Novice: 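Here it is, the structure, as structure tokens.
Just so it is clear: chains get the letters A, B, ... in the order the sequence lines come, proteins before strands, and each one is counted from 1. Treat the numbers as computed from the prediction; the structure is a model and nothing was measured.
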Amino acid sequence: MKPDSQPSRVVPVLVPMPAERPYSYSVPAGMQVGPGSIVRVPLGPRQVAGIVWDGDGGSVDPKKLRPIEEVFDCPRVTYDMRRFVDWIAEYTLSPPGMVARMLLRAPAAFDPEPWVEAIERTDAAPDRMTAARGRVLETADTGLAWTRSGLAHAAGVSSTVIDGLKAQGVFRDVMLPPRPVVAPPDPSYAAPQLMPDQERAAVTLTEKVSAGTFSVTLIDGVTGSGKTEVYFEAIAAALKNGRQVLILLPEIALTHAFLERFQDRFGAKPAEWHSDLPPRMREKVWRQVAEGQVRVVAGARSALFLPFRELGLVVVDEEHDPAYKQEDRVYYNARDMAVVRGHIGGFPVVLASATPSLESRVNALSGRYDRVALPARFAEAALPDLKAIDMRRAPPARGGFLSPVLLDETRRTLERGEQSLFFLNRRGYAPLTLCRVCGHRFQCPDCSSWLVEHRFRGQLVCHHCGHNEPRPEACPECGTLDHLVACGPGVERIAEEAVGHFPEARIIVLSSDMLGGVRRLRLELEAISKGEADIVIGTQLVAKGHNFPNMTLVGIVDADLGLANGDPRAAERTFQLLSQVTGRAGRTGKKSLGLLQTYQPEHPVMKAIVSGDAEAFYERETEERQRAGMPPFGRLAGIIVSAATRQEAESHARALRRAAPAAPDIQVLGPAEAPLALIGGRHRFRLLIHGERRSDIQKFARTLLAAAERPRGSVRVQVDIDPQSFL
DNA sequence: ATGGTCGGCAAG
DNA sequence: TTGCCGACCATT
């Protein structure tokens with residue numbers, strides 16, 4: 001008899017809470033569990049789903065042991081996936097249970113999907129024919145089995161007609177297996193005509209897929225060079241080899257347009273995975289991925305934690321996108337974790353971007369990654385003509401922000417019946433409000449950054465923490481009425497200015513805080529594509545995914561925005577963002593124009609954008625970073641403790657210093673302080689400890705965490721990801 | 001007295 | 001992370 005079947009076996013179970021190690025549970029006699037089994041266990045007063053982990057049950061007070069309640073009828077979490085969880089926990093200094101939690105996010109999926117009640121035709125004929133019955137029978141013959149209401153609907157009759165026929169034995173009940181969420185993709189559905197460069201790139205990738213070993217390849221090609229078609233070929237190869245495929249996209253790029261494009265190539269859509277997938281669908285997708293029915297998933301970063309059983313390729317599109325960084329609970333960069341997943345699973349990973357991150361480019365140049373470049377000569381005609389507007393020479397009218405040069409071009413574009421885009425990466429009306437009498441500036445009480453006026457909502461809003469208050473009439477400091485002034489532009493204010501210049505034009509403002517949420521946004525985007533707007537004024541979110549076929553002018557309202565915030569990645573980020581936004585124009589081959597309003601036309605970023613010479617920019621930026629020891633070369637890794645308020649952050653800093661007097665500098669960083677952006681985009685107060693090497697930081701972090709009691713509550717401890725040496 | 005909110009704590 | 005408990009405060 002194997003030890004497995006002894007009556008009171010004890011196994012480790014990873015439960016979804018911040019415990020450092022798996023908990024031990026006893027296995028009731030006769031219960032079949034092994035590493036990877038998903039089980040229901042009692043945890044304190046509640047029942048949770050956990051994963052049976054590797055190793056033995058450890059030593060716990062036998063009196064504490066409680067039995068596993070149930071083993072779900074569900075494929076086991078694979079060995080690779082378990083190693084992946086352990087690896088991420090170790091690397092990010094997160095409790096493994098919290099990593100496991102990311103994988104257990106679809107509770108209802110642990111039970112098999114129920115079969116569907118349906119009816120099918122028998123040989124019997126109805127006693128008498130009616131028009132309605134005729135339609136039902138005719139419709140029914142076009143398929144094998146139907147749901148009662150589905151058939152009624154398709155035949156255009158009430159479901160009582162069906163009931164009548166069923167009573168006569170014309171239909172009988174059957175149970176159908178659950179419907180697949182998507183049809184299987186066909187790798188040879190519509191093999192594309194590739195240009196020679198694309199062909200070469202595609203061959204390189206498909207060879208890597210066929211080799212079936214770990215590799216990382218960066219596909220680097222300007223907007224419109226056909227990267228997507230190329231990696232689709234890699235996907236086709238993986239599918240032919242019987243492997244599943246994951247395409248990671250920044251959430252916002254997961255558009256209808258992308259899914260359609262996939263469908264055009266493979267004859268079916270990929271399964272989608274993102275945060276606002278309806279719960280029902282979430283569960284179906286999770287289950288069908290686990291069972292191998294779903295072959296391709298296009299998903300946001302959390303899709304990395306889907307229980308693939310035969311994953312053979314991960315594609316990370318727009319690999320440079322900062323949205324790949326998860327910044328709560330477990331901090332990770334999905335791009336890097338995708339590489340780790342490939343390493344563990346022994347399969348290729350493809351990183352794609354028109355504007356690669358510096359670290360991926362460095363990894364490619366150093367030979368750690370492979371690189372495939374698409375020079376995209378054939379698409380050059382479609383690239384917009386790009387010019388910088390020197391705002392010192394062509395300043396806007398007093399009180400305005402749009403240069404006459406941009407306004408002129410807009411007028412011309414309107415006259416041609418084409419669309420213009422004004423891009424400004426700032427929500428709201430004005431980023432700062434002050435009192436003209438006493439100079440009072442409106443600040444967030446919680447995080448001391450300026451409050452942004454949202455005129456449409458009549459509020460002052462903190463963009464860091466979400467604090468908001470109604471916009472007062474009088475200054476809270478000196479009490480003077482009607483002397484508050486808005487300083488600087490946001491998209492709402494640009495819209496106001498545009499309306500003043502072009503009262504006849506149809507103007508749409510797009511920003512993430514738009515009333516009506518994602519649905520409304522989707523509708524607006526569609527309306528724009530259909531030509532129902534003349535001028536679009538938008539933030540970040542116009543940069544991604546969507547194609548506006550008639551958009552021939554892109555005006556960057558403030559190209560310098562984001563350059564001066566002290567972030568070591570500022571130039572890189574600005575370059576990436578501006579490339580993407582200007583790439584929105586000219587997708588149709590029509591002559592198009594991109595204008596950058598800037599006060600520093602000599603800045604390397606502006607020069608790179610205008611000349612199209614990305615390589616020179618990257619080279620320069622790389623050298624500069626290396627010289628300064630900035631990421632991805634130097635002092636990047638650190639422990640971060642983030643807190644909601646400054647006081648809180650300060651008190652944690654004191655506690656940590658007390659606990660570990662040998663600690664290197666612990667800085668408290670607020671929203672305004674520069675190096676924050678090293679870690680990510682969403683600013684809260686953080687404590688940062690710099691180090692030269694990740695491993696040192698990690699070792700130090702452990703000592704610190706052991707010495708101090710682990711900060712609780714609103715506080716998180718994490719190590720940022722050193723983008724170079726994580727394997 | 002009653003009810004609501006909040007901080008601390010334990011969970012196998 | 002979640003749920004529970006006891007402490008504390010404010011109101012019925």
Novice: Grab the two heavy atoms, one from Arg301(A) and one from Lys325(A), that are nearest each other, plus how far apart they are.
Specialist: NH1-O, 3.1 Å
Novice: Atom pairs, N/O to N/O, protein against nucleotides 2-6 of chain C, distance under 3.5 Å?
Specialist:
from	atom 1	to	atom 2	distance (Å)
dT2(C)	O4'	Arg46(A)	NH1	3.4
dT2(C)	O4'	Arg46(A)	NH2	3.4

Novice: Only counting residues at least two apart or in another chain, list the ones meeting side-chain hydrogen bond (donor to acceptor under 3.5 Å, both in side chains) with Ser275(A).
Specialist: Glu251(A)
Novice: In this structure, how many angstroms lie between the P atom of dA11(B) and the CG atom of Asp61(A), rounded?
Specialist: 10 Å
Novice: By the 4.0 Å heavy-atom rule, please label Pro42(A) as base, sugar-phosphate, or nothing.
Specialist: sugar-phosphate
Novice: What's the CG-C1' distance between Leu43(A) and dC9(B), to the nearest Å?
Specialist: 14 Å
Novice: Grab the CG-P distance between Leu65(A) and dA11(B) for me, whole Å please.
Specialist: 13 Å
Novice: Over how many whole Å does the gap from Tyr25(A) atom OH to dA11(B) atom P extend?
Specialist: 11 Å
Novice: Expressed in angstrom and rounded to an integer, what is the separation of Met17(A) atom CE from dA11(B) atom P?
Specialist: 9 Å
Novice: In whole Å, what is the span from the CD atom of Glu20(A) to the P atom of dT1(C)?
Specialist: 14 Å
Novice: If a pair satisfies salt bridge (Lys or Arg N to Asp or Glu O under 4.0 Å) and one of its residues is in residues 37-49 of chain A, list it, with sequence neighbours excluded.
Specialist: Arg40(A)-Glu70(A)
Novice: List for me each residue that meets side-chain contact (heavy atoms from CB on, under 4.5 Å) alongside Asp61(A), sequence neighbours excluded, and say none if there are none.
Specialist: Lys63(A), Lys64(A)
Novice: Among residues two or more places apart or on two chains, list those pairs meeting ring pair (Phe, Tyr, Trp, His ring centres under 6.0 Å) that have a residue in residues 41-69 of chain A.
Specialist: none
Novice: How many Å lie between CD on Gln47(A) and C1' on dT1(C), as a whole number?
Specialist: 16 Å
Novice: Who pairs with Phe258(A) by ring pair (Phe, Tyr, Trp, His ring centres under 6.0 Å), at least two apart in sequence or on another chain?
Specialist: none
Novice: Please report, rounded to the nearest Å, how far the P atom of dA11(B) is from the CZ atom of Arg21(A).
Specialist: 13 Å
